[in-house]
2 protein chains.
Amino acid sequence: MHSLVEENYLKALFALSKDKGSVSVNDLSKHLDIKMPTVTNMMKKMAFKNLVHYQSYKPLKLTKKGKKEAALIIRKHRLTEMYLVEKMGFGWEEVHNIAEQIEHIKSPKLFAKMEELLDYPKFDPHGTPIPDINGEMEWKAFSKLSECKPGERVKMAAVINTSDEFLKFLNRREIHLGLKIRIESVEPFDNTMVVKYKNHSGETISHTVCERLLVEKF
Amino acid sequence: MHSLVEENYLKALFALSKDKGSVSVNDLSKHLDIKMPTVTNMMKKMAFKNLVHYQSYKPLKLTKKGKKEAALIIRKHRLTEMYLVEKMGFGWEEVHNIAEQIEHIKSPKLFAKMEELLDYPKFDPHGTPIPDINGEMEWKAFSKLSECKPGERVKMAAVINTSDEFLKFLNRREIHLGLKIRIESVEPFDNTMVVKYKNHSGETISHTVCERLLVEKF
DNA sequence: GTATAAAGTTAGTCTTAACTAACATATTAG
DNA sequence: CTAATATGTTAGTTAAGACTAACTTTATAC
Ligand SMILES: [Mn+2]
Ligand SMILES: [Mn+2]
Ligand SMILES: [Mn+2]
Ligand SMILES: [Mn+2]
């Protein structure tokens with residue numbers, strides 16, 4: 001089994017390689033707030049364990065094994081977040097730091113039980129998919145709210161930014177996953193949207209925010 | 001805050017000093033399965049942090065601070081065990097190892113929520129008291145089943161041994177906390193008890209087992 | 001009361017995971 | 001195409017927490 005430290009490297013590698021498929025030592029170093037020489041060292045150790053492909057001066061790539069192990073930690077993280085929100089009554093802005101710790105608990109039974117009690121959820125409280133027990137996860141093709149047109153009706157599916165402040169901002173506006181939103185108009189100037197949802201009418205949402213909300217059209 | 005390692009030393013010190021009030025380096029070493037020199041070293045570090053009174057060649061004693069911190073970890077352990085049993089459906093024989101890990105989670109909110117959802121429980125699933133938020137805990141004066149007399153009616157209040165095997169043994173006999181037991185007779189030879197409970201009549205319980213069951217008379 | 005055994009300490013080593021300083025390679029800019 | 005900058009590596013150090021070997025103190029046995 002891997003140390004808590006290795007697990008956090010795995011998660012970081014996984015998160016950062018989302019787009020390019022590979023990560024620079026520099027990016028990883030910044031993301032983890034750990035100096036580059038330490039990262040280089042750890043990459044060599046993890047290469048020896050067959051978790052990452054490492055060649056001097058080349059970008060880092062998770063191996064198949066590394067990718068799976070990372071996904072399984074993320075699975076524990078997201079199941080935990082979902083459990084905390086759905087079964088314990090936490091707000092979606094409160095759960096990340098707790099999950100950051102609980103994801104390292106070694107107990108297949110605990111997470112199997114969470115999953116069962118949640119009735120095999122596919123998404124976490126932020127709308128992000130939960131990997132299955134084999135580390136596989138499906139990304140549904142959601143659209144950014146910012147790309148929607150006036151007149152469209154959409155349903156809140158996921159948030160891109162999961163910072164405390166952003167989630168609390170959404171709480172104050174009563175915006176949550178599953179919420180049905182109708183786009184009334186879009187300011188041509190700054191792309192601010194005027195929307196309607198629940199008992200909020202003519203509410204404006206800045207482009208910055210719209211860029212961070214994923215919706216499903218229906 | 002203390003490291004996971006220090007927390008486990010605190011817990012061990014607390015558990016071992018139950019009776020005498022102090023612990024030998026040797027006992028602590030055996031209990032933690034850590035060699036004596038390592039323990040001596042750690043005791044010096046913890047003395048510096050004012051968690052333990054340490055003098056060369058003298059028995060170890062937790063300070064007031066150390067005792068409180070230990071109790072607060074034990075509080076997290078027992079709240080977790082209770083939560084796992086009551087809210088997640090685990091058996092009382094399954095929860096110790098999970099709690100051993102979760103007790104180290106740094107999140108006052110998580111444990112406050114558990115406590116609230118459990119409606120401020122006073123005992124864990126093994127009948128052991130849960131320290132309050134100030135680290136205080138009350139031991140109710142239960143009797144050993146082995147000390148009870150024929151004809152008495154008692155209620156299962158706690159188990160002294162919490163090993164997997166013992167708890168599974170009790171499961172097979174359908175013996176659980178809260179169970180009402182009537183003592184029919186006691187074999188004068190080996191002190192085996194013949195008892196009656198629920199739909200079990202004339203069931204025998206060995207002295208060894210009776211010594212490990214705490215009951216409340218009523 | 002000394003001899004032996006048990007318990008405790010000291011000194012030195014190891015591993016993990018961090019750091020800084022110095023050097024090497026790659027990238028970018030002019 | 002070279003110079004400057006950014007990125008990456010090597011070497012050496014540190015702290016936490018473990019170990020063994022050797023020594024010291026305390027307890028127990030005769
Ligand atoms: Mn999260
Ligand atoms: Mn983590
Ligand atoms: Mn326990
Ligand atoms: Mn523990």
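In what follows, every chain begins at residue 1, and chains take the letters A, B, ... in the order their sequences are listed.
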Checklist entry - For nucleotides 17-28 of chain D, read 5' to 3', which letter fits each nucleotide if B means a protein heavy atom sits under 4.0 Å from the base, S means only the sugar-phosphate is that close, and - means neither? => result SBBBB--BSS--
Distance-only donor-acceptor hits, side chain of residues 49-58 of chain A, under 3.5 Å, sequence neighbours excluded:
residue	atom	partner	partner atom	Å
A:Lys49	NZ	A:Glu6	OE1	3.0
A:Lys49	NZ	A:Glu6	OE2	2.8

Checklist entry - Side chain of B:Asp132, backbone of B:Asn134: donor and acceptor closer than 3.5 Å? => result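 Yes.
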Item to check | Donor-acceptor contact present, side-chain A:Lys76 to main-chain A:Ile105, <3.5 Å | outcome: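 Here the side-chain-to-backbone pair exists.
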Item to check | Single hit among B:Glu93, B:Arg78, B:Glu81 for side-chain hydrogen bond (donor to acceptor under 3.5 Å, both in side chains) with B:His126 | outcome: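 The side-chain hydrogen bond (donor to acceptor under 3.5 Å, both in side chains) with B:His126 is passed solely by B:Glu81 among B:Glu93, B:Arg78, B:Glu81.
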Item to check | Residue-phosphate contact under 4.0 Å: A:Tyr54 side-chain N/O, D:dG8 OP1/OP2 | outcome: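 No, no such contact exists.
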Next on the checklist: Taking the six-membered ring of B:Phe90 as reference, does the cationic atom of A:Lys109 (NZ for Lys, CZ for Arg) lie under 6.0 Å from its centre and within 45° of its axis?
Outcome noted: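 Because its charged atom misses either the 6.0 Å distance or the 45° angle limit, A:Lys109 does not stack over B:Phe90.
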Checklist entry - Hey, are A:His104 and A:Glu7 close enough side-chain-wise for a donor-acceptor pair under 3.5 Å? => result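 Per modelled atom types, A:Glu7 and A:His104 side chains form a pair under 3.5 Å.
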Roughly how many Å is it from [atom1] in [X] to [atom2] in [N], rounded to a whole number?
| X | N | atom1 | atom2 | answer |
| --- | --- | --- | --- | --- |
| A:Met43 | C:dA17 | CE | P | 11 Å |
| B:Lys58 | C:dG8 | NZ | P | 13 Å |
| A:Lys44 | D:dA11 | NZ | C1' | 11 Å |

Item to check | Aromatic ring proximity A:His77/A:His96, centre distance under 6.0 Å | outcome: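 Yes; A:His96 has its ring centre under 6.0 Å from that of A:His77.
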Next on the checklist: Heavy atoms within less than 4.0 Å of DNA chain C: which residues of residues 19-30 of chain A have one? Give them sorted by number.
Outcome noted: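 Hits under 4.0 Å, by residue number: none.
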Next on the checklist: Can you classify the ring geometry of B:Phe123 versus B:Phe142 as parallel (below 30°), tilted (30 to 60°) or perpendicular (above 60°)?
Outcome noted: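 Taking B:Phe142 first and then B:Phe123, their aromatic rings sit tilted (interplane angle of 30° to 60°).
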